[in-house]
Amino acid sequence: MNRSEEIAVPGMSAGRPGLRMGPAELVQAAAMARRFYLESKSKIQIAEEFGVSRFKVARVLETALERDLVRIEIRVPAELDAERSDALRARYGLRHAVVVESPAEGEDESPDPENLGEVAAELLGELVVEGDVLGLAWGRSTIHMAAALDRLPPCTVVQLTGVYDAGTAERGSVEAVRRAAQVSGGEAHPIYAPMLLPDPATAAALRGQTGIARAFAYFDKVTVAAVSIGSWEPGISTVHDMLTDEERTHYSTLGVAAEMSAHLFDADGRLVGRDLGERCITVEADRLRRIPEVVAIAGGLRKAEAIGAVLRSGLVTSLVTDTAAADFLLTEFTPAPKPALERADPGEA
């Protein structure tokens, strides 16, 4: 918040016509306003300095605002939309909602613009405190976020899902976990395994391996998690792209509208296709629901309905998105659960 002070001296008048202040009043009002707004002194301290009551100080400060001697400006960086952010937070009962400007048409064709990851990195720098356990799920936006991290308190970082393809581990979620741990100076617990396995037995066997089991042991300790959201279409959903045509058709008949961390949701936010989870290396939905702070990073009009579906699930407490998705969520989508209101604030734990 920037507070700027302006005094209209010519004619000894300011603000609304017909209201005049003499030079002594102007000088005193300016001095009191300077003490209160710029020097952060209390009304009682100002009253003692000027030998008046604190009630008179309050009246003078109110008059200074009414007559335009003092102008209070609220400024946020140009890429942040404070009005949409606040409206989205209130409508969906989120703890935090940060809306950034969508890229100009044709400027960024990726499902999740990189600027979402950059803003999410700044948000994590605010949310994570020393001693937290930070969980990172696979996703393009979480990978962008990890790459943009430049500050993070000392914390443990654990991978919440397997990788899209084991051959891309160095360029994906494993590297994201390593990067976050390097910035924080904490321990890293990556998962060297694919997200989706051919059958439940193979997935169960992998979960029992020492390194993977060690990461899973941290899932109940996660205090802040960052996740991505995908809509059920090629190139936008990791899980969709990993399945066979026959499997995609099967899950489509169940009404899949979104996926997050290999969990599938219909338009009302209900979990569907639970059998798929048995084949996946991922944090369970019930565990996600117990994490105090779950930050979803997703944007773009193509993902707007999917974001709304996941918000309806009640698994997400905070959201980083863009204006295109926010406008849809504020006008075309009816919210349901308000997850942040049902969970303890991690800052008060």
Side-chain angles (χ1 to χ4, degrees), residues 1-102 104 115 118-129 150-151 153 293 317-323 326-327 329-331 335 338 340-341 345-348:
M1 179 180 293
N2 288 336
R3 298 179 173 93
S4 58
E5 181 181 31
E6 295 189 4
I7 302 175
V9 176
M12 302 300 179
S13 64
R16 293 175 294 181
L19 295 175
R20 287 182 67 86
M21 294 180 72
E25 290 178 300
L26 280 169
V27 171
Q28 185 184 68
M32 289 183 176
R34 185 179 296 108
R35 303 291 193 280
F36 186 73
Y37 290 109
L38 301 182
E39 299 176 12
S40 299
K41 290 190 175 181
S42 70
K43 293 174 184 176
I44 294 176
Q45 289 174 314
I46 297 170
E48 290 176 351
E49 178 183 348
F50 286 87
V52 298
S53 71
R54 61 185 176 88
F55 300 106
K56 179 173 182 179
V57 173
R59 287 196 301 271
V60 170
L61 292 174
E62 183 178 348
T63 301
L65 285 171
E66 288 178 352
R67 303 191 182 185
D68 211 22
L69 268 70
V70 173
R71 295 179 182 177
I72 299 176
E73 298 177 354
I74 300 174
R75 294 179 180 175
V76 296
E79 69 270 16
L80 297 183
D81 192 309
E83 186 175 347
R84 284 184 175 92
S85 297
D86 188 54
L88 201 60
R89 179 202 55 76
R91 183 175 174 83
Y92 287 87
L94 297 169
R95 186 168 288 123
H96 305 282
V98 182
V99 178
V100 304
E101 287 293 332
S102 299
N115 64 335
E118 294 168 1
V119 173
E122 290 292 322
L123 179 60
L124 274 195
E126 291 183 63
L127 299 182
V128 176
V129 299
D150 60 8
R151 64 185 176 99
E293 184 74 83
T317 60
S318 295
L319 176 67
V320 177
T321 190
D322 65 357
T323 51
D327 285 343
L329 293 169
L330 289 170
T331 59
K338 297 192 173 183
L341 303 182
D345 187 336
E348 297 178 355

Subject >> Considering all heavy atoms, the nearest Ala326-Arg84 contact >> reply: CB-CD, 4.3 Å
Subject >> Whether Arg91 side chain and Leu329 backbone form a donor-acceptor pair below 3.5 Å >> reply: yes
Original post:
Shortest non-hydrogen contact from Ser53 to Ala47?
Top reply: C-CB, 3.7 Å
Subject >> Contact check, side chains of Leu123 and Val320, non-hydrogen atoms, under 4.5 Å >> reply: yes
**OP:** For residues Gly125 and Pro153, report the shortest heavy-atom separation together with the two atoms involved.
**Re:** O-CD, 4.4 Å
Original post:
With side chains defined as the heavy atoms from C-beta onward, is the minimum distance between Phe50 and Lys56 less than 4.5 Å?
Top reply: no
Original post:
Can you find a heavy atom in the side chain of Glu293 that is under 4.5 Å from one in the side chain of His96?
Top reply: yes
**OP:** Taking Gln45 for its side chain and Ser42 for its backbone only, find out whether a donor-acceptor pair lies under 3.5 Å.
**Re:** yes
Original post:
Rounded to the nearest 0.5 Å, how far apart are CZ of Phe36 and NZ of Lys43?
Top reply: 5.0 Å
Original post:
Should the pair Glu39-Arg34 be classified as a salt bridge under the 4.0 Å nitrogen-to-oxygen rule?
Top reply: no
Original post:
Taking atom CD1 of Ile46 and atom CG of Leu61, what is their separation to the nearest 0.5 Å?
Top reply: 6.0 Å
Subject >> Pairing residues for Glu62 by the side-chain contact (heavy atoms from CB on, under 4.5 Å) criterion, not counting sequence neighbours >> reply: Glu66
Subject >> From Met32 atom CE to Leu69 atom CG, the distance as rounded to the nearest 0.5 Å >> reply: 13.0 Å
Subject >> Sole candidate of Asp327, Thr323, Asp81 that passes side chain to side chain contact (heavy atoms under 4.5 Å, CB included) when paired with Ser102 >> reply: Thr323
**OP:** Might you work through the side chain to side chain contact (heavy atoms under 4.5 Å, CB included) test for Thr317 and Leu94, ending with a clear yes or no?
**Re:** CA-CA 5 Å; Thr317 60; Leu94 297 169; 5.6 Å; no
**OP:** With the side chain counted from C-beta on, respond yes when Arg95 and Arg89 share a heavy-atom pair under 4.5 Å apart, and no when they do not.
**Re:** no
**OP:** Please tell me if the side chains of Leu80 and Val100 come closer than 4.5 Å, counting only heavy atoms from C-beta onward.
**Re:** yes
Subject >> Stepwise side chain to side chain contact (heavy atoms under 4.5 Å, CB included) test for Asp150 and Glu122 >> reply: CA-CA 8 Å; Asp150 60 8; Glu122 290 292 322; 4.1 Å; yes
Original post:
Of all residues at least two apart in sequence or in a different chain, which pass the side-chain contact (heavy atoms from CB on, under 4.5 Å) check with Glu48?
Top reply: Ile44
